[in-house]
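Read the structure below first, then the notes.
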Amino acid sequence: MQMRIFDSIQKRKVVFEPIKEGEVSIYVCGPTVYDDAHLGHARSALSFDMLNRTLKALGYKVTMAKNFTDIDDKIINKMHNSNKSLKEITDYYIDRYLSEMEALGVKRADIEPKATESIDAIEQMINSLIKKGCAYRVDNGDIYFDTSKDNRYGTLSHMVNNEDDMQSRICQSDQKRDPKDFALWKACSEPEICFDTTLGKGRPGWHIECSAMIEKHFDNKGEYRIDIHGGGADLLFPHHENEASQTRCATGCEIAKYWMHNGFVQIDGEKMSKSLGNSFFLKDALGVYGGELLRFYLISVHYRNDFNFNEEDLLSTKKRLDKLYRLKKRVYGIKSGTLDSEFKDTLLEAMSDDLNSSKALSVIDTMVSVANDRLDKEPKNRQFKQAIVANIEYIDTLMGFGGSDPFEWFQQGISDEQKSKINKLIAQRGEAKKAKDFKKADEIREELLGMGVQLMDTNEGTKWERVDR
RNA sequence: GGCGCUAUAGCCAAGUGGCUAAGGCAGGAGCCUGCAAAGCUCUGAUCCCCGGUUCGAAUCCGGGUGGCGCCUCCA
């Protein structure tokens with residue numbers, strides 16, 4: 001089975017062909033750690049987590065890098081406003097980011113470089129750019145990249161720059177030779193945020209870190225440095241354009257063979273922003289809905305499309321995931337058996353087609369439906385039950401959901417004390433039912449429903465789930 | 001102003017030239033059940049509008065209209 005991905009540069013789906021047979025190198029732009037992660041960070045992380053899992057499932061040896069930008073104007077502002085050190089701020093947000101990503105089931109990257117720990121590579125790359133005449137220093141000590149030296153600048157994003165228009169946007173005091181030029185190195189003197197290097201005292205610009213980190217951590221020496229470079233759709237220009245240009249000028253190589261960009265997240269049809277006051281922090285959403293549901297919801301839309309986050313949709317999507325867990329309850333305690341190869345192939349094929357997670361979910365829906373039907377007809381077919389267990393395990397591995405305990409899933413947020421009360425009432429109802437006192441049995445059922453507990457009489461006895469109304 | 005994305009049933013959402021346009025939620029009918037719930041079965045779309053290309057288009061091209069994004073820090 002081959003992997004097909006949509007390459008942002010060619011603007012079409014292409015068959016993925018790795019630089020090295022059987023291996024894939026991926027670099028994804030990570031967050032600037034000056035604030036809590038929002039749903040957009042989650043979307044990006046999930047998109048490339050799916051890529052990672054799918055490539056691994058196809059048998060590739062994947063090396064994935066995701067950086068942390070831990071030196072930046074916004075962080076420095078926060079430092080000045082909060083009286084905290086740079087490291088206190090960045091450590092705090094890196095920790096939070098990692099634990100929130102874990103809650104979403106995002107696998108850790110193999111390499112997690114930080115800008116402040118890559119100064120050597122950054123310095124080396126800037127020096128090399130200066131040597132080649134692709135960078136220049138201005139009066140205040142800042143160093144800029146000279147975009148005019150790269151005749152392929154703009155070929156990545158296809159941005160045609162309108163000079164007249166650009167004029168209005170640049171700051172008058174800027175000493176750039178061309179509006180498109182960007183800072184590689186910002187001179188400064190504040191000790192905590194400056195690095196003493198052969199470039200002078202200063203700190204790196206944003207774009208250079210990714211190029212430098214890729215040089216540092218990946219060692220392909222051919223035409224391309226890495227296989228796939230990913231990030232949010234907004235990064236295509238100027239960030240990725242600049243990265244590509246720097247690497248091209250410094251090394252003569254292209255930075256990445258393929259580029260992938262995930263779509264945006266909107267909230268109730270509006271762009272997320274603090275000023276709008278819409279709750280978009282991942283921590284808030286995780287607190288209310290939990291990581292697994294959030295993951296399931298966010299991957300229900302193809303990664304390249306924009307995502308409109310909406311609580312109503314999220315809750316109807318939960319019912320879809322519930323169905324998987326009800327099936328899991330039906331095979332509870334059964335040992336895993338042989339995976340249904342047709343199911344596995346169909347699911348993996350959907351994901352191999354440019355991460356068509358929407359289609360993958362529909363493949364799972366069908367598996368659940370077929371399994372329920374057959375379990376109704378053959379309730380004692382142990383081998384079939386074992387296959388279902390294996391199927392669900394495979395879903396967990398490839399898609400990253402379905403791995404929780406099915407009873408816990410439906411009983412989240414209910415204390416042991418409440419549970420014993422519920423069980424007592426269920427037992428009482430059982431007695432009433434046995435005595436054919438249906439009036440009393442129904443009263444108890446109503447009482448439980450009032451407590452948010454829905455009963456289900458099954459062959460294996462009465463089960464219950466928490467219901468949200 | 002420049003560049004680009006998008007428009008599929010009440011809602012969410014796949015499909016990008018050709019059998020009956022996936023799947024989920026909501027709704028309706030049935031089976032099952034003491035009754036429910038769950039589960040299963042059945043049930044819904046001339047694919048934004050107008051032209052064009054083609055034997056054939058939701059799918060390609062042109063023009064509208066609506067929504068959105070990037071061009072400034074941004075996932």
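Here is how names work: the chains are called A, B, and so on, in the same order as the sequence lines, proteins then strands, and each is numbered from 1.
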Below 4.0 Å: OP1/OP2 of B:A14 and any side-chain N or O of A:N356: no
Polar-atom pairs under 3.5 Å, protein N or O versus N or O of nucleotides 57-61 of chain B: list them with distances, or write none.
none

Hits for ring pair (Phe, Tyr, Trp, His ring centres under 6.0 Å) against A:F182, two or more places apart or cross-chain, chain-then-number order -> A:F145, A:H207
Any chance the side chains of A:S211 and A:E243 put a donor and an acceptor closer than 3.5 Å? no
Rounded to whole angstrom, note down the C1' distance from B:C19 over to B:A57. 16 Å
Nearest listed nucleotide, side chain of A:D313, among B:C5, B:A14, B:C11: B:C11
Under 3.5 Å on both distances, the Watson-Crick or G-U partner of B:U59: none
P gap between B:G17 and B:U59, integer Å: 11 Å
Listed by chain and number, what are the side chain to side chain contact (heavy atoms under 4.5 Å, CB included) partners of A:V389, not counting sequence neighbours? A:V331, A:I334, A:S336, A:E393
Assign a letter to each nucleotide of nucleotides 31-37 of chain B from its 5' end: B, base within under 4.0 Å of a protein heavy atom; S, sugar-phosphate only; -, no contact. ---BBBB
A:C188/A:C194 sulfur gamma separation below 2.5 Å: yes
Sequence neighbours excluded, the answer for ring pair (Phe, Tyr, Trp, His ring centres under 6.0 Å) partners of A:F16 is A:Y60, A:Y258
Here the residues of residues 376-391 of chain A within 4.0 Å heavy-atom distance, strictly under, of RNA chain B are A:D376
Under the rule for ring pair (Phe, Tyr, Trp, His ring centres under 6.0 Å), what residues qualify as partners of A:Y92, not counting sequence neighbours? none
Under 4.0 Å protein heavy-atom contact, by nucleotide of nucleotides 18-24 of chain B - B base, S sugar-phosphate only: ----BBS
Go through the steps for A:N242 and A:Y153 under the test side-chain hydrogen bond (donor to acceptor under 3.5 Å, both in side chains), then give the verdict. CA-CA 8 Å; A:N242 292 352; A:Y153 189 82; 2.6 Å; yes
Salt bridge (Lys or Arg N to Asp or Glu O under 4.0 Å) filter on A:E312, not counting sequence neighbours, yields none
Counting side-chain heavy atoms from C-beta on, which of B:C68, B:C70, B:A13 comes nearest to A:Q266? B:C68
Not counting sequence neighbours, which residues clear ring pair (Phe, Tyr, Trp, His ring centres under 6.0 Å) with A:F307? List them please. A:Y297
Counting N and O atoms only, with roles assigned by atom type, does the side chain of A:D70 sit under 3.5 Å from a partner on the main chain of A:K114, one being a donor and the other an acceptor? no
Hey, could you give me each pair passing side chain to side chain donor-acceptor pair (under 3.5 Å) that has a residue in residues 379-391 of chain A? Not counting sequence neighbours. A:E378-A:N381
Is it true that A:R152 and A:D150 make a salt bridge, defined as a side-chain N closer than 4.0 Å to a carboxylate O? no
Considering only B:C68, B:G39, B:C5, which nucleotide approaches the side chain of A:K11 most closely? B:C5
Residue pairs, two or more places apart or on separate chains, that pass salt bridge (charged side-chain N to carboxylate O under 4.0 Å, His left out) and touch residues 346-369 of chain A: A:R4-A:D353, A:K13-A:D353, A:R304-A:D354, A:R320-A:D365
